[in-house]
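Since the model is a prediction, treat every value here as computed from it, not as a measurement. Indexing begins at 1, ligand by ligand and atom by atom, following the structure's order.
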Amino acid sequence: MSSPKIHSKLPSVGTTIFTVMSGLANQYNAINLGQGFPDYQMNEELMKKVTEVMQKGWNQYVPMQGYMPLRESIAEKIEFLYQTKINPDTQITITPGGTYAIYTALTTILQPGDEVIIFEPGYDSYIPNVEINGAVPVLIDLKFPDYKIDWNEVRKKITPKTRVIMLNSPHNPTGAVLMEEDIRELRNIVKNTNIFIVSDEVYEHLIFDNIPHQSILRHPDLSERSFVCFSFGKTYNCTGWKLGYCISSPESMIEFRKVHQFNCFCCHTPSQVALAGFLKNKEAYLSLSGIMQQKRDHFIELMKQTKFDLLNSSGSYFICGKYDRISEEADKDFAIRVTKEFGVATIPVSVFYKAGTDNKVIRFCFSKKKETLETAVERLTKI
Ligand SMILES: Cc1ncc(COP(=O)(O)O)c(C=O)c1O
């Protein structure tokens, strides 16, 4: 008897470069500047709180929308940061991470044949999330080398089928951020249309040089047509917790919750209970951009000893570097060789383009201990 065969919903998805590079990093004992997470411990107090609440018995299901005191703390925080009143009961849902929030938002909105504007390079989950819903990604390149959005190009690509514009600021992999003029352009484009915005703001607190984060939540006319997605993992150095949340209008949130409640239902209880109190500590999230900016600046300074030319990074914990003074190799080959021969793993930026556009740029993650960055750069100077 032959076993049943699956007709793949994502036939073109294979093993990602992240798995490949991390495997190589382990095999060659390389320093991993590829993976997007810190190599230092998360906040001690928050760890203690989770343990405490578990011991107190917070180990059963919370409501499907999320633990209410946490949603209330989020609403307070949003009002403090972005001067917007959000109803914690009807507009916030706690999710198992930012990626899940994005997937659920897209699944909530999309019907087969709908078009979604996605900028490239971009976070790798967006295109499969659109395709699995039978919708069509409409890809637009960010302008190299500053990776700004070409809004004229966006205007040209809008059709009656356009249903979503996908945004990500601060941006992975480039560190580009949206500015006020981008918001103005976006506003003009979506006014009087049926277009939703899905805004990936997982790096909201990782923004440098005193640039204000242009959260969509600052702009009521835009937020009423948006799903805005956040991640506690990125804010509190605990990416393995996979906890985040989504904010939308009450009407849209009703539909979002229909999808969510039959997928995950509710998220990890002890983390939610601990975070409900911890979110009130403003210093814990406000200090983050300063800490990360120092790491960025230290990395930029160190990298001056190498033949890489770093591009600008105004946010996230990533910075891209050109290597055309070193080699003409394709970026994947170059990144693999640097891992094997010099012991530093990075990510080739072509993997963030569906067509594999290769500008001879690799991505470094600088959310690492000072010693990690220094040892890595010492190795990179030998290239
Ligand atoms: C742009 C972007 N969005 C979302 C995520 C994922 O967030 P989470 O781990 O909370 O799912 C990442 C993580 O790398 C990211 O870079």
Margin query: I want to know whether Y323 and F334 have ring centres closer than 6.0 Å.
Written below: yes

Item checked: Contacting atoms of ligand 1, where contact means under 4.0 angstrom from a heavy atom of G98 -> 7 (O), 8 (P), 10 (O), 11 (O)

Check: Less than 3.5 Å between some nitrogen or oxygen of Y100 and one of ligand 1, yes or no?
Finding: no

Next item on the list: Examine the side chains of N133 and T107 and answer whether a donor and an acceptor come within less than 3.5 Å of each other.
Entry: yes

Next item on the list: Taking atom types as modelled, find out whether Q35 and N32 have a side-chain donor-acceptor pair closer than 3.5 angstrom.
Entry: yes

Next item on the list: Find all atoms of ligand 1 within a distance of less than 4.0 Å from any non-hydrogen atom belonging to D200, and give their numbers and elements.
Entry: 1 (C), 2 (C), 3 (N), 4 (C)

Item checked: Any side-chain heavy-atom pair of F232 and W241 under 4.5 Å -> no

Next item on the list: Could you tell me whether some N/O pair between N172 and ligand 1 is separated by less than 3.5 angstrom?
Entry: yes

Item checked: Protein contact to atom 6 (C) of ligand 1 [nearest heavy atom, distance to 0.1 Å] -> T99 OG1, 3.1 Å

Checklist line | Pair T357, E120: side-chain N/O donor-acceptor within cut-off below 3.5 Å | finding: no

Item checked: Sub-4.0 Å atoms of ligand 1 with respect to non-hydrogen atoms of N168 -> 1 (C)

Item checked: Closest approach of any protein heavy atom to atom 13 (C) of ligand 1, naming residue and atom -> K234 NZ, 2.8 Å

Note to self: Is the distance between the ring centroids of F18 and F352 under 6.0 Å?
What the structure shows: yes

Checklist line | Which of the ligand 1 atoms, numbered from 1, are nearer than 4.0 Å to a heavy atom of V202 | finding: 2 (C), 3 (N), 4 (C), 15 (C)

Check: Is it the side chain, the backbone, both or neither of F232 that has a heavy atom closer than 4.0 Å to ligand 1?
Finding: neither

Check: If we ignore angles and hydrogens, is there a donor and acceptor under 3.5 Å between the side chains of N263 and Y103?
Finding: no

Check: Identify the closest protein heavy atom to atom 9 (O) of ligand 1: which residue and atom is it, and at what distance?
Finding: K242 NZ, 3.1 Å

Next item on the list: May I ask you to establish whether K322 and F308 are in a cation-pi arrangement, using a distance under 6.0 Å from NZ or CZ to the six-membered ring centre and at most 45° from the ring axis?
Entry: no

Note to self: Measuring from non-hydrogen atoms of F37 to any atom of ligand 1, is the shortest distance under 4.0 Å?
What the structure shows: no

Next item on the list: Would you tell me whether N188 and R155 have side-chain atoms, one donor and one acceptor, within less than 3.5 Å of each other?
Entry: no

Checklist line | Atoms in ligand 1 flagged as close to G97, the criterion being non-hydrogen separation under 4.0 Å | finding: 10 (O), 11 (O)

Note to self: Just to be sure I'm reading this right: ignoring hydrogens, which of Y245, Y203, Y103 gets closest to atom 16 (O) of ligand 1? Compare them by their nearest heavy atoms.
What the structure shows: Y203

